[in-house]
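Presented below is the structure to which this report refers.
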Number of protein chains: 4
Amino acid sequence: MASAPDPNRRSERARVAVLEAAIALCREVGFGQLTIEGIAERAGVSKKTIYRWWPSKGAVLLDAVSELVDRIARHGDTGDLAADMCAQLNTVVAMMNPQEMSPVAALASESQRDPALAAVIRERVILPSIAGFEDRMRSAQRAGQIPVDADLHVALDLFYGPIYHRLVYRLPLHTEEEIRTRVDHVIAGLRAMG
Amino acid sequence: MASAPDPNRRSERARVAVLEAAIALCREVGFGQLTIEGIAERAGVSKKTIYRWWPSKGAVLLDAVSELVDRIARHGDTGDLAADMCAQLNTVVAMMNPQEMSPVAALASESQRDPALAAVIRERVILPSIAGFEDRMRSAQRAGQIPVDADLHVALDLFYGPIYHRLVYRLPLHTEEEIRTRVDHVIAGLRAMG
Amino acid sequence: MASAPDPNRRSERARVAVLEAAIALCREVGFGQLTIEGIAERAGVSKKTIYRWWPSKGAVLLDAVSELVDRIARHGDTGDLAADMCAQLNTVVAMMNPQEMSPVAALASESQRDPALAAVIRERVILPSIAGFEDRMRSAQRAGQIPVDADLHVALDLFYGPIYHRLVYRLPLHTEEEIRTRVDHVIAGLRAMG
Amino acid sequence: MASAPDPNRRSERARVAVLEAAIALCREVGFGQLTIEGIAERAGVSKKTIYRWWPSKGAVLLDAVSELVDRIARHGDTGDLAADMCAQLNTVVAMMNPQEMSPVAALASESQRDPALAAVIRERVILPSIAGFEDRMRSAQRAGQIPVDADLHVALDLFYGPIYHRLVYRLPLHTEEEIRTRVDHVIAGLRAMG
DNA sequence: AGATAAGCGAGACGGTACGTCCTGTCTTAGG
DNA sequence: CCTAAGACAGGACGTACCGTCTCGCTTATCT
């Protein structure tokens, strides 16, 4: 049986070198051309070391951009619901921009091929982000900005959905004005249905 | 110079065998494990023949499921906007269901890695579908179901977006009731902003 | 099932390049450091091509030096038994000289690890050589140089054995004078026992 | 500078465990598949401990079978030269039998790849054995069983050579009768040339 | 009708990357 | 300072596909 490696003995140097190499290579050649072999060489690390600590190149990149993606989960609360949602959505759009071969967009794509990676992303990024979103919505309900019986799942879908439609089909992502328009429509819809 | 092959002399037998093999293999092993080599063997066709007529495995699969994806582009008009949109969206959801290793969802994912494939899909599927959608919206405007000055780009984003948010993060896709709720919210929002 | 490759379609260029690269590399780094990977790179050939046509690096080298080793099998007959055996044995000694990282000695060594290689060498080189030796012995019997009832298996062992004892333990190989002395002893022994 | 380890502090438990594991694994998988890694794991010993005390896997095995190989060096003297040589040679044959994946034969083979190991074997086993052989021969000369001016190097080659010829080419090793026949021939040859 | 040229199956080819294995060195913690 | 444990850089292993190519063979068009 292949016992798990001991995290206490892990080389911090190797860990950092791998993550930096992954980011750099992903920017240079894109996620599709990113290879474990390439990361290992660039990082001055053996392939075995990568396979020991990460199950796939997606997992490496997820670690590498984790502080980036963790920002998705943070929902500010200034008291202005529309402004807060616009800020959140603009952040997401900025991280997804495929022109820059965004590692975040790449991860989303890769998770379609790799259910294990999809599960990790869901647990580490998406579900926390949804929890934060729902907190913000309940705050808005208490403030009377949306109805107290508004369906938060609907709100989630309508706020975030537009971004992903464009992302999937590589249509041009939203400008800040477009985001604002959609946020206003969604809030109007939630109020009208309340 | 490598001149283009002559479509008149193309073997129909080989064409059909490739498309059927692609569908069958995609269902069996998923798009990620689908290979040109595997398709060729299964189809009893030489790899050369595939490379002669298709630029990538995504293109093969797009051909193979083209009648499926063409259905995305068809927007019915029964006069009932909400019903028509629900029908359309339920069709899309059904085709995207990742539990069945849907080739349509696979194509959407693959297009993230292959800009050429993305362009083909956009031209052949997405833009026609959007055109059909806009026709349907204008019909709804004439019928007074949504305001005449409603922003159709916003409508597009809000109607379709929810599906893709869930698709990207592999969250459970919508039931028909959920679709209905979202359609109602979007229409309400469009009316409220009109 | 992995069907055998078709020899008719084999690339002569690749075949020759592999054999030349194998010889060159073996001379440079020795058989122990010889790798399939290194041969492939040096020959400008893919590893797959080597694995397609040879089962092991030993088999590659055996092909590469086959015209050399085939010379082991040739027994001349000048009528002078002692002279002919000395010539044969000196040839063997020359090919086995480990100072020059002899590929022939390397093959003999490698065959200890690889029974399949050992079998090929036995069939292609050793048994033919023994057959040639026995022909030469029978000729000597007819000429009255050794008894007609001399045990040819004993003769084989005593003529060739000395070389291999020294080879196995990497003792200095025989000079031509030493070979001559041993040949004379063996012939004397065969006569005395006849 | 890496100073030599202190033999006084050496763990007897580790030493014994390594040697036993080496023997056991060599019998199970053969010398070719024997690895330092495997020995360390089987022995419950760190790889470092092996590398500290032995330069190569061949050296480990040589230690492990040293009481076996030391027997090669012992030449009895019953007064009957032919009988003593037969006993010696049968002992050697028994230890070399490749059917049982003999570690002794494996060492002889490995020494072709590892000059350092070859040197150790030569010093520890072969040269002492030759010295013992020459003592026995001089005793035979004094007893008048072979000429006083017989060439002992020739005798060595002719007595031992036959075994190694068959060993190198993995021909079936000698039976006791065959050994006897060869011993008789060699003694006859030495007398005839004296 | 025969010649010509293309598509076709088959699959060998030079490559790239895979994920595994072992080497020999180095680090950590315990005795 | 030896030890068990095992992480590390390195590098070869043998495999899988990639996309290109060259073979004969069919097969359809064009003399």
Side-chain angles (χ1 to χ4, degrees), chain A residues 2-3 5-11 13-15 17 33-38 40-41 43-53 55-57, chain B residues 2-3 5-11 13-15 17 33-41 43-53 55-57, chain C residues 2-3 5-11 13-14 17 33-41 43-53 55-57, chain D residues 2-3 5-11 13-14 17 33-38 40-41 43-53 55-57:
Chain A
S3 56
D6 179 353
N8 295 330
R9 311 198 41 189
R10 184 167 185 183
S11 159
R13 181 185 57 68
R15 201 194 114 255
Q33 316 312 319
L34 189 64
T35 63
I36 299 274
E37 198 121 346
E41 188 180 6
V45 142
S46 88
K47 285 199 292 177
K48 177 91 178 210
T49 297
I50 298 181
Y51 284 112
R52 177 148 42 219
W53 300 111
S56 65
K57 68 173 174 170
Chain B
S3 56
D6 178 354
N8 295 330
R9 311 195 50 176
R10 181 170 184 182
S11 159
R13 182 186 57 68
R15 200 194 115 256
Q33 316 312 319
L34 189 64
T35 63
I36 299 274
E37 198 121 346
I39 296 171
E41 188 181 6
V45 142
S46 106
K47 285 198 293 176
K48 179 99 182 197
T49 299
I50 298 182
Y51 284 111
R52 176 147 43 220
W53 299 110
S56 65
K57 69 172 175 171
Chain C
S3 54
D6 179 353
N8 295 330
R9 311 195 42 186
R10 183 166 184 182
S11 159
R13 181 185 56 69
Q33 315 311 319
L34 189 65
T35 63
I36 299 276
E37 197 122 345
I39 296 171
E41 189 181 5
V45 142
S46 88
K47 284 198 292 174
K48 177 86 180 219
T49 297
I50 298 182
Y51 284 113
R52 181 152 34 225
W53 299 111
S56 64
K57 67 173 175 171
Chain D
S3 55
D6 178 354
N8 295 329
R9 309 197 49 179
R10 183 168 184 183
S11 158
R13 184 184 58 67
Q33 315 311 319
L34 189 64
T35 62
I36 298 274
E37 195 121 346
E41 188 181 5
V45 141
S46 108
K47 285 198 292 175
K48 178 94 181 200
T49 298
I50 298 182
Y51 282 111
R52 177 148 38 224
W53 300 110
S56 65
K57 67 172 175 171

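All of these numbers come straight from a predicted model, not from anything done at the bench. Protein chains get the first letters and strands the later ones, always in sequence-line order, with residue 1 at the start of each.
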Rounded to whole Å, how long is the line connecting atom CD of Q33(D) with atom C1' of dC13(F)?
12 Å
Non-hydrogen atoms of A40(B) and S46(B) that approach each other most closely
CB-C, 4.2 Å
Nearest non-hydrogen partners of A14(A) and S11(A), listed with the distance:
N-OG, 3.0 Å
Can you check whether T49(B) has a side-chain N or O nearer than 4.0 Å to OP1 or OP2 of dG9(E)?
yes
Can you name the side-chain hydrogen bond (donor to acceptor under 3.5 Å, both in side chains) partners of K47(C), sequence neighbours left out?
E37(C)
Rounded to whole Å, please give me the gap between CG in L34(B) and P in dA16(F).
17 Å
Counting only side-chain N and O atoms of W53(B), is one of them less than 4.0 Å from OP1 or OP2 of dC8(E)?
yes
In short, I36(B) meets S56(B) closest at the heavy-atom pair CD1-C, 4.3 Å
Among dG9(E), dA4(F), dA12(F), the one nearest any side-chain atom of T35(C) is dA12(F)
Please report, rounded to the nearest Å, how far the C1' atom of dA6(E) is from the CZ atom of R10(B).
14 Å
Can you tell me the distance, in whole Å, between the OH atom of Y51(D) and the P atom of dC8(F)?
18 Å
Please report the distance, rounded to the nearest Å, between CD1 in I36(B) and P in dG11(E).
18 Å
Shortest non-hydrogen separation from V45(C) to T49(C) and the atoms involved
CG1-CB, 3.9 Å
Is G38(C) touching bases, backbone alone, or none of the nucleic acid, heavy atoms closer than 4.0 Å?
nothing
May I ask you to say what R52(D) touches in the nucleic acid, namely base, sugar-phosphate or nothing, with a heavy-atom cut-off under 4.0 Å?
base
May I ask you to check if R15(B) and W53(B) form a cation-pi contact, with NZ or CZ under 6.0 angstrom from the six-membered ring centre and within 45° of the axis?
no
Per the atom types in the model, does the base of dG19(F) pair as donor or acceptor with the side chain of K47(B) at under 3.5 Å?
yes
Please determine if a side-chain N or O atom of S11(A) lies less than 4.0 Å away from the OP1 or OP2 oxygen of dT27(E).
no
Quick check for you: to the nearest 0.5 Å, what is the distance between T35(A) atom OG1 and Q33(A) atom CD?
9.0 Å
Closest to the 5' end of DNA chain F, once A43(A) and E37(C) are matched to their nearest nucleotides, is A43(A)
Kindly give the heavy-atom pair with the smallest separation between A43(A) and A17(A), and that separation in Å.
CB-O, 3.5 Å
Closest-nucleotide mapping onto DNA chain F: is V45(A) or P55(C) further toward the 5' terminus? I mean the 5' end.
V45(A)
Indicate whether OP1 or OP2 belonging to dC13(E) is found under 4.0 Å from a side-chain N or O atom of R13(C).
no
Under-3.5 Å N/O pairs linking protein and nucleotides 22-30 of chain F:
from	atom 1	to	atom 2	distance (Å)
dT22(F)	O2	R9(C)	NH2	3.2

Grab the CD1-C1' distance between I39(C) and dC13(F) for me, whole Å please.
13 Å
Between CG of D6(D) and C1' of dT3(F) the distance, given in whole Å, is 14 Å
Rounded to whole Å, please give me the gap between NZ in K57(B) and C1' in dA16(F).
13 Å
